[in-house]
Amino acid sequence: YHTDMYRYAKHYRQILPGIIMLSLLAPWFTNGDIGGYRQALSSIKPERSLDKWNQRIIVRGFTMLHNMCDLVITPSQKFEKQLKSWKTTSKLATLPTGVDKIATNPEKVAAFRKKYNISEDDKLILLVCRLGGEKNVELILKAFDIIGKRLPTAKLMLVGSGDHLEIFRKTAAASPYADRIMLPGYIPYLEL
């Protein structure tokens, strides 16, 4: 279980039909019994709030699916706690998904720093991800307004592309520290 579908439900309301189908098909895919089908049908009862309906279906659908598994692997303790709070009964294991160190050299580092005007004394805050609405980049930009005021050598670089890149660029441009915020878009892995 790698993606926080519960949180994404608020940003991607169009996932509801797929989640409903997953809930209805899960017992069939996993050779579930009639109780699984009844539980799946009960989970799709509509609610007034589309977000709450999505989230309820996600909790019930994923819990039902996970409870039919021998083991559910999560990338963090956060997800493990979330699944336990949903009453997942299957064995859970956390397997962190770290990032391998990229082989580089001082010349490449110096060229990168020069290209993006990052001095040796600068404190660089770096976020590398798909820049979508669910990533809560607005919080990082708001936090940088506080950090920028307190730490004159701080710079913020948001690397990636996504459907909210232009929105984030406009938000960054409105910051009193816009000259220290960089949104270069996608940077190839080896260059980064």
Side-chain angles (χ1 to χ4, degrees), residues 1-15 18-19 51 54-55 58 62 66 71-86 92-192:
Y1 180 71
H2 186 270
T3 302
D4 193 349
M5 297 301 293
Y6 186 81
R7 190 166 138 230
Y8 282 15
K10 292 182 177 183
H11 298 280
Y12 296 104
R13 291 185 172 137
Q14 68 272 21
I15 66 170
I19 297 299
D51 289 340
N54 262 341
Q55 289 175 324
I58 287 167
F62 278 95
H66 291 151
L71 173 68
V72 179
I73 299 171
T74 67
S76 68
Q77 292 293 322
K78 172 195 160 198
F79 285 124
E80 189 171 329
K81 287 178 185 175
Q82 182 183 63
L83 295 181
K84 284 179 181 177
S85 76
W86 292 356
L92 301 172
T94 298
L95 181 63
T97 50
V99 178
D100 293 333
K101 185 175 180 180
I102 299 171
T104 190
N105 62 52
E107 293 82 24
K108 286 183 179 180
V109 171
F112 187 88
R113 285 182 173 277
K114 183 177 180 181
K115 180 177 180 177
Y116 292 103
N117 193 28
I118 302 167
S119 76
E120 290 287 334
D121 296 327
D122 288 337
K123 305 293 183 198
L124 182 64
I125 300 165
L126 175 66
L127 172 69
V128 181
C129 68
R130 185 181 52 74
L131 297 174
E134 77 286 352
K135 298 294 184 179
N136 206 10
V137 175
E138 293 91 350
L139 178 64
I140 294 168
L141 290 166
K142 287 178 187 175
F144 190 74
D145 285 348
I146 297 167
I147 294 166
K149 183 177 183 178
R150 293 183 183 169
L151 190 60
T153 60
K155 291 189 175 179
L156 174 63
M157 180 180 272
L158 307 174
V159 177
S161 59
D163 55 344
H164 279 65
L165 177 59
E166 292 309 314
I167 294 168
F168 299 147
R169 281 190 172 140
K170 288 177 185 173
T171 304
S175 167
Y177 306 100
D179 60 326
R180 294 193 268 153
I181 301 173
M182 299 164 275
L183 286 103
Y186 173 77
I187 296 178
Y189 179 75
L190 292 178
E191 183 183 337
L192 185 64

Next item on the list: Given side chain to side chain contact (heavy atoms under 4.5 Å, CB included), test L124 with M182 step by step and report yes or no.
Entry: CA-CA 10 Å; L124 182 64; M182 299 164 275; 4.0 Å; yes
Next item on the list: Begin from the C-alpha positions of H66 and L83 and carry the test side chain to side chain contact (heavy atoms under 4.5 Å, CB included) through to its verdict.
Entry: CA-CA 9 Å; H66 291 151; L83 295 181; 3.8 Å; yes
Next item on the list: Test side chain to side chain contact (heavy atoms under 4.5 Å, CB included) on L156 and L141 and set out the steps.
Entry: CA-CA 8 Å; L156 174 63; L141 290 166; 3.8 Å; yes
Item checked: Test side chain to side chain contact (heavy atoms under 4.5 Å, CB included) applied to I147 and K123, step by step -> CA-CA 10 Å; I147 294 166; K123 305 293 183 198; over 6 Å; no
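F112 CZ to M157 CE: the interatomic distance, rounded to the nearest 0.5 Å, is 4.0 Å. In this structure, the separation between CG on L95 and NE2 on H2 is 10.0 Å, given to the nearest 0.5 Å. In this structure, the separation between OG1 on T171 and CG on L183 is 9.5 Å, given to the nearest 0.5 Å. Between the CZ atom of F168 and the CG atom of L127 there is a distance of 9.5 Å, given to the nearest 0.5 Å. Rounded to the nearest 0.5 Å, atoms CD (Q77) and CG (L92) are 10.0 Å apart. Rounding to the nearest 0.5 Å places CG of D179 at 10.0 Å from OH of Y177.
Between A172 and A178, the closest heavy-atom pair is O-CB, 3.2 Å. Closest approach of R180 and T153 over heavy atoms only: NH1-N, 4.1 Å. Smallest separation of non-hydrogen atoms from I187 and Y116: CD1-OH, 3.6 Å. When all heavy atoms are compared, the tightest approach of A93 to L71 is CB-CD1, 3.8 Å. The shortest non-hydrogen separation linking G185 to L165 is CA-CD2, 4.4 Å. Scanning all heavy atoms of the two residues, the minimum distance from D163 to G133 falls at OD1-N, 4.2 Å.
Among residues at least two apart or in separate chains, there is no salt bridge (charged side-chain N to carboxylate O under 4.0 Å, His left out) pair with a member in residues 137-151. Applying the salt bridge (charged side-chain N to carboxylate O under 4.0 Å, His left out) test to residues at least two apart or on different chains, the pairs with a partner in residues 102-114 are R113-E120.
Ion pairing between K170 and E166 fails under the 4.0 Å rule for side-chain N and carboxylate O.
Between the side chain of K155 and the backbone N or O of S119 there is no donor-acceptor pair closer than 3.5 Å. The backbone N or O of K135 lies less than 3.5 Å from no partner atom in the side chain of R130, so there is not a single donor-acceptor pair.
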